[in-house]
Amino acid sequence: MTRWISFIRRRTWPPPVNELYREQEKMKQNEVMKMLYDVQHPAKGDRNIVELGMVDKVEIDGNKVTVTLAFPKHRDPLAEYLIGSTKAALIRHIPGVEAEVRTIVREESARKPAGLDLGLEELAGVKHIIAVASGKGGVGKSTVAVNLAVALARLGYRTGLADADVYGPSVPKMTGTENEVPEAFRDGDKEVIMPLEKYGVKWMSIGYFAKPEQALIWRGPMACNALKQMILQVRWGELDFLLIDMPPGTGDIHISLVHDIPLTGAVIVSTPQAVALADVEKGVNMFRNEHINKPILGLVENMAWFTPAELPENRYYIFGKDGGAKMAEKYGIPLLGQIPLVQDIRESGDNGEPVALSSRPDGEAFVLLADSLASKV
């Protein structure tokens, strides 16, 4: 009996407070690790970052959770996507959490801080880089960009398109490539991504690396870095035109792009509607700002008129008539083309077969637009 009491005293029950605290912290960290199983690496056979050994550290301080991701010597081309997905997983599982994601380069952490090391080597074979922009959403900018790319390819130009709308990527859906994942591999001392090819165009979008229902909860700098990776680490090869489908507005992403990407110029998309044209002025003024100073190659008036399929010769100006033409004249910008509002354009986009592939009048409108743009550059 005495020996048993002595044994109990040696075991000290309850355990010391610091030992209990360490055990509780370990349990919390294990719970966070389970949450991170949701973060899959698209280029690694959908294995998650925990299985890949990328989670270096989990730190919990009250309501703040900090996850440190470890990358190999040469940065993963999808680093910014993984950082954003990790943060989104924490926010989704822990209501009200203050989530932070840090990075280290495991093999060079003592000599080189983690960060983007992107040059312009992959753009060396691209002749013209053109931003397709709009002052506001809902004017059909992505529809114009996708069909313009296909139309340029139809005319014999080597063409690529980078989907820069990181918050609402629509290129995968509109090209019928939403279930495909681009190949990523190491070439010497860097990693590159191969674009997808379809309809004679090379495509790249952040949408290829995120699930369709996944919301990308990214702040401006994170979105800018992800976008630059989507352009600068892609092996575009020899291209006559690389179109960049910009997000609507005049925010961080636009400023970052025009400073870091050697743009040939910009194409502005609008509808004839007065409220849309008012936002076009902001876009024009942004590109003409003295600190940006990029040429505007022209204006595209989308939804210029409505033509019902059963009355192909009729035109109904439901958003106003020639508003884009008047705006182009006001700012001394060429009017590159007028695209009608036709049901086939919408249906073709939803079906993943751009209308510019067809020889119908709506498809030929995009071919004329492509020819007009090519003549400007």
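Here, residue 1 is the first one in the sequence, and each next residue gets the next number.
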- Item | N-O pairing of Arg154 and Glu364 below 4.0 Å | yes

- Query: Taking atom NZ of Lys198 as the centre, does the number of heavy atoms from other residues, nucleotides or ligands within less than 6.0 Å exceed 12?
  - Reply: yes

- Passes side chain to side chain contact (heavy atoms under 4.5 Å, CB included), His93 versus Asp38? Steps please. CA-CA 10 Å; His93 286 288; Asp38 289 350; 2.6 Å; yes

- Item | Polar side chain donor-acceptor pair, Asp163 to Ser205, under 3.5 angstrom | yes

- Item | Considering all heavy atoms, the nearest Asn63-Gly96 contact | ND2-O, 2.5 Å

- Heavy-atom nearest pair, Leu120 first then Pro262, reads CD2-CD, 4.1 Å

- Task: Linking directly or through intermediates, with side-chain heavy atoms under 4.5 Å: list the remaining ILVMFWY members grouped with Phe185, chain and number order.
- Result: Val192, Met194

- Message: For Lys34, is there an ion pair with Glu31 - N to carboxylate O distance below 4.0 angstrom?
- Response: yes

- Query: Looking at Tyr199 and Ala153, what are the two nearest heavy atoms and their distance?
  - Reply: O-CB, 4.0 Å

- Query: Where do Phe71 and Met54 come nearest, in terms of heavy atoms and distance?
  - Reply: CE2-CE, 3.5 Å

- Task: Give me the one residue out of Phe241, Tyr157, Trp236 that meets ring pair (Phe, Tyr, Trp, His ring centres under 6.0 Å) with His128.
- Result: Phe241

- Task: Could you tell me which non-hydrogen atom of Ala370 sits nearest to which non-hydrogen atom of Ala151, and how far apart they are?
- Result: CB-CB, 3.7 Å

- Note on the structure: Closest non-hydrogen contact found for Asp371 with Leu155 is N-CD1, 3.6 Å

